[in-house]
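Report on the following structure.
Throughout, a chain's letter reflects where its sequence line sits, starting with A, and its residues are numbered from 1.
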Amino acid sequence: MPSRAPLDQPLPPAMLASGDGWWVRYRHYPVFSRRWWLGRCLRFGSVCAVLALLTAMGMWFISRNVQASLQGALPLFVTCTAITCLGPTLATAVRHQGWPTFWERLALVLAIVIGVIVSLAVNRWASWTIMEAFRSAHMAPAARPSAVVAGSATLRGTIVGAVILVNAAIYAMLGGGMALYAYLEEQRRWENSARDSELKAAHEQRQQAEWQLGLLQAQVEPHFLFNTFASIRALIRSEPDRAEHAIDTLVDYLRGTIPRLREHDGSIASNLGEQLDLCAGYLELMHVRSGGRLAYRVDADPALRGRRFPPLLLLTLVENAIKHGVEGRPGPGMVSVDAQRTEHGLRVRVADDGLGLRLGPGQGVGLHNLRKQLSARYTGRATFELRNREGGGAVAILDVPDEGEA
Amino acid sequence: MTQAVRGMVAEDEAPQRQALCASLKAHWPTLDLVAVCEDGDASRVAVAQHHPQVAFLDIRMPGASGLDVAIDVVAHGGLVVFITAYEDYAIRAFEAGAIDYLLKPIQDTRLQQTITRLQERLNQPADGFAAQLEAVVRRLQSARPAPTRWITASVGDSVRMFDIDEVLYFQAQDKYVRVVTAGDEAIIRTPLKELLDMLDQDTFWQIHRSIIVRVSAIARVRKNELGRAELLLKQRAEVLAVGASYLHRFRGM
């Protein structure tokens, strides 16, 4: 995030103090930016126009004199617009200069002050013009308050002073004082927001790193590795050919678990073919270890093998099918994996003929993590379903969007 | 050691099972393998039938686990050796030394040590052994409970898995327990009491004889016209009753 808010873009949502109503929508842009200025002047300008129109109508109603009515209403519009827009206009011009913070702040205060002084002058001119309009319309102008207070000079002085102060305060507020305050707040919020997003980025990076580490650990689960070695050791003398085959399969499997990192961002590159091969290797080793008790099948259209596909997800499902499905039930077992293209992307299914899902609470982290990974990677565009199959066993169905070749 | 010793092997992976049997035959000729089993259920039947004096048991097996089988073996006066690939908490439990364990892949020299130890034990009276094993098994089993991560529940004819984070409350109804999320509900058969033990106690509170609710899902607690406490949820319209004996939970909230 840059150290200052870019003037041509809306502020990040976290920074917005006001709501989403029509009147405050211009505040979604930085204070004194062009879009802010345009939105603010259009809104205040239309209010001034409505006020002026009402005044004109009122005067016409009393005097039936179109020219005089316009003569009274027009200066009102000009003054009103000047008060509300002049300072901010100058300030917007200042902010777009991109001066250093200190000078920018000083210049903005000056701009608002100049705006207030000029609009006070415009007000004087307008008051005079309006009086003229009243006179020419043969209407008695309302007596000025200062004329009523005719008492002591000091009292009058005090009251005049107070009136000027109050006026100046109102002018300053309407004329950009509030905006000036919002501008200072914005700077503070921008810094907070920048810090928050940095924290968030760091947090996400850490999660990513932890996940990749977990991935490496999970792919070579010690239980799996040592059991496989135990089987190979057992086969060496009795069935050397099968032992050799098991070692070859284990080597391919282990090679498949070494993550292939993308050069540009260090993330893990993986495609469906690699993941299917990894599962096939795992299942082949389980087949050898079980002495043929466990059978398996992996089917996929060769054209789909190159599609991008997240690492580990599929293996988690296969491990689950073995651990909670086939392994839980004595006797032979079967796991089948297939992948196909659907209307919306890719669908991968892992089916087993084991115990099936048992109702109740579950403790394993595998599926919990799988859901988390899916939502982190696909944000709701992936669905995962696990259900019982007719005739026994369970099937896991994973639908993910097709993200092209990897 | 001329008298034959009744032994058994339980290991679900065929090559490993055969290799272990072969090694035992080679290193302990007087061991008579009365039963060689490939799953937990068959092992329990064999134990009841043959009363083995020595049993080599894989911990992870289809059907009953090696731990369950071990308890049976000891109940019939037998000795147990666990076989495990990698379970460090299990290894720690065995350091008491009463029973032995073998790490996979099983190496001949290590197996030889185990056999020697078993032969020594067989010549001694087996007092206190059962109690020791039971303590170890209990420790192994109690090392397992992990927090519940999801709930598998049935919705009509199908079965769905809910992440535990989705569940707002559980409500016992007749023989079932309703699992309620913001937009869905399903049923399980796990008794509420059992469920309570499996849930995180700070995340879920029992608020009624038949209701467990997610604390963060509670909008507020109020008294109804009859003076009974009831609870409103953030994401559901229904009102849940709070049992009088659970009210203390909400004091000072």
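- Between B:I187 and A:L359, the closest heavy-atom pair is O-CD1, 4.1 Å.
- Both the backbone and the side chain of B:T152 come within less than 4.5 Å of a heavy atom in chain A.
- Residue A:R255 qualifies as open at atom CZ: its count of foreign heavy atoms under 6.0 Å is 12 or below.
- Contact of A:R289 with chain B is made through backbone and side chain together, with heavy-atom distances under 4.5 Å.
- In this structure, the side chain of A:R371 does not engage the main chain of B:D163 through any donor-acceptor pair within 3.5 Å.
- The two residues A:K323 and B:R60 make their nearest non-hydrogen contact at CG-NH2, 4.3 Å.
- What you find for A:P330 and B:G63 is that their closest heavy atoms are CD-N, 4.2 Å.
- In this structure, chain B has no heavy atom under 4.5 Å from any part of A:S238.
- Counting heavy-atom neighbours within 6.0 Å of B:Q173 CD, excluding the residue itself, gives a total above 12.
- To the nearest 0.5 Å, the span separating OG1 on B:T84 from NE2 on A:H223 amounts to 5.0 Å.
- Note that the CZ atom of A:R233 and the CD atom of B:Q107 stand 6.5 Å from one another [nearest 0.5 Å].
- Looking at B:Q16, its side chain does come within 3.5 Å of a backbone N or O of A:N227 through a donor-acceptor pair.
- Within a 6.0 Å radius of CZ in A:R297, other residues, nucleotides and ligands contribute 12 heavy atoms or fewer.
- Residues B:W150 and A:L367 have side chains in contact (heavy-atom distance under 4.5 Å, counting atoms from C-beta outward).
- Counting heavy atoms from C-beta outward, B:P62 and A:R293 have side chains that approach closer than 4.5 Å.
- Taking CD of B:Q18 as the reference point, atom CG of A:L235 lies at 8.5 Å (rounded to 0.5 Å).
- Here the closest non-hydrogen pair linking A:S290 and B:A14 is O-CB, 4.0 Å.
- Neither the backbone nor the side chain of A:V326 comes within contact range of chain B, judged by heavy atoms closer than 4.5 Å.
- When B:I164, B:I188, B:V159 are compared by the number of non-hydrogen pairs under 4.5 Å with chain A, B:V159 comes out ahead.
- Shortest non-hydrogen contact noted between B:A19 and A:A234 is CB-CB, 3.3 Å.
- Of the residues considered (A:G354, A:G333, A:A394, A:G360), A:G360 shows the highest number of contacts with chain B, using heavy-atom pairs under 4.5 Å.
- Heavy atoms of other residues, nucleotides or ligands lying less than 6.0 angstrom from CD of A:E385 number more than 12.
- Only the backbone of A:R358 comes within less than 4.5 Å of a heavy atom in chain B; its side chain stays farther off.
- Within a 6.0 Å radius of CZ in A:F229, no more than 12 heavy atoms belonging to other residues, nucleotides or ligands are found.
- At a 4.5 Å heavy-atom cutoff, B:E194 makes no contact with chain A through either its backbone or its side chain.
- Residue-environment remark: NZ (B:K25) stays at or below the threshold of 12 foreign heavy atoms within 6.0 Å.
- Of all the heavy atoms in A:P361 and B:T190, the pair that sits closest is CD-OG1, 3.5 Å.
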